[in-house]
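As a basis for the values below, the full set of heavy atoms in this structure was taken, side chains included, without hydrogen atoms, waters or symmetry mates.
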Amino acid sequence: MSGAEKGSGTTKTPADFLKSIRGRPVVVKLNSGVDYRGILACLDGYMNIAMEQTEEYVNGQLKNKYGDAFIRGNNVLYISTSKRTLAEGA
């Protein structure tokens, strides 16, 4: 995978990755350990995140469902693309 990227001469930056996952399912892990899973609606340069169809997971267990959610960027540990199955890491 990454060998093809390096060989082609195109470098994918983190900003390119974030642009490419808009509108797709993601997992956002907070510094507190809580996961938010939903559709990435938008984000800004400060990593503030707006999500749709959001579910809150604490210790791998579903705790709450939100239609829309806004997460302040300084709380974000990482953003990961989500596979359809949510029980893999739980």
Side-chain angles (χ1 to χ4, degrees):
M1 274 188 221
S2 62
E5 259 184 35
K6 289 181 183 178
S8 67
T10 59
T11 305
K12 195 166 190 177
T13 65
D16 294 333
F17 167 74
L18 293 172
K19 286 178 190 172
S20 73
I21 63 171
R22 268 192 218 141
R24 293 181 50 201
V26 295
V27 176
V28 177
K29 181 133 186 137
L30 304 188
N31 295 326
S32 65
V34 176
D35 288 352
Y36 288 90
R37 302 175 190 185
I39 308 298
L40 180 65
C42 64
L43 59 107
D44 65 12
Y46 295 102
M47 295 294 289
N48 295 317
I49 298 168
M51 297 176 70
E52 299 170 342
Q53 302 171 27
T54 310
E55 298 176 336
E56 179 182 46
Y57 287 82
V58 178
N59 297 323
Q61 293 187 333
L62 179 62
K63 290 293 179 186
N64 219 331
K65 289 187 179 187
Y66 307 102
D68 295 328
F70 181 81
I71 301 172
R72 187 172 168 176
N74 67 331
N75 294 312
V76 176
L77 183 61
Y78 68 77
I79 303 172
S80 173
T81 54
S82 173
K83 306 231 176 2
R84 193 71 166 103
T85 58
L86 299 176
E88 284 180 356

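- Checking Ile39, Leu43, Val26 one by one against Met51, the side-chain contact (heavy atoms from CB on, under 4.5 Å) holds for a single residue, Val26.
- With sequence neighbours excluded, no residue satisfies side-chain hydrogen bond (donor to acceptor under 3.5 Å, both in side chains) with Asn59.
- Residues Val28 and Val58 are members of one and the same hydrophobic cluster, defined by side-chain heavy-atom contacts under 4.5 angstrom among Ile, Leu, Val, Met, Phe, Trp and Tyr.
- Hydrophobic clustering places Leu40 together with Val34 (ILVMFWY residues linked when any side-chain heavy atoms are closer than 4.5 Å, directly or through intermediates).
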Please tabulate, one pair per line, all N/O donor-acceptor pairs under 3.5 Å involving side-chain atoms of residues 15-22, not counting sequence neighbours.
from	atom 1	to	atom 2	distance (Å)
Asp16	OD2	Thr13	N	3.2
Asp16	OD2	Thr13	OG1	3.2
Ser20	OG	Phe17	O	2.7

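- Closest of all the heavy-atom pairs between Ile49 and Met47 is CG1-O, 3.2 Å.
- One distance of note links CD of Gln53 with CZ of Arg37; it measures 15.0 Å at 0.5 Å rounding.
- Residues Ile79 and Leu30 fall within the same hydrophobic cluster, defined by Ile, Leu, Val, Met, Phe, Trp and Tyr side chains chained together at heavy-atom separations under 4.5 Å.
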Could you go through Ile71 and Tyr36, starting from their C-alpha distance and side-chain angles, then the distance that decides it, and tell me whether this counts as side chain to side chain contact (heavy atoms under 4.5 Å, CB included)? CA-CA 9 Å; Ile71 301 172; Tyr36 288 90; 4.0 Å; yes
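- Cluster partners of Leu77 are Tyr78, counting Ile, Leu, Val, Met, Phe, Trp and Tyr whose side-chain heavy atoms approach within less than 4.5 Å, directly or via other members.
- With sequence neighbours excluded, no residue satisfies salt bridge (Lys or Arg N to Asp or Glu O under 4.0 Å) with Lys63.
- Listed by first and then second residue, the side chain to side chain donor-acceptor pair (under 3.5 Å) pairs involving residues 42-52 are Asp44-Asn48 (not counting sequence neighbours).
- Applying the salt bridge (charged side-chain N to carboxylate O under 4.0 Å, His left out) test to residues at least two apart or on different chains, the pairs with a partner in residues 23-32 are Lys29-Asp35.
- In this structure, the side-chain hydrogen bond (donor to acceptor under 3.5 Å, both in side chains) partners of Asn64, at least two apart in sequence or on a different chain, are Tyr66.
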Take Asp68 and Thr54 through the test side chain to side chain contact (heavy atoms under 4.5 Å, CB included) and record every step on the way to the result. CA-CA 6 Å; Asp68 295 328; Thr54 310; over 6 Å; no
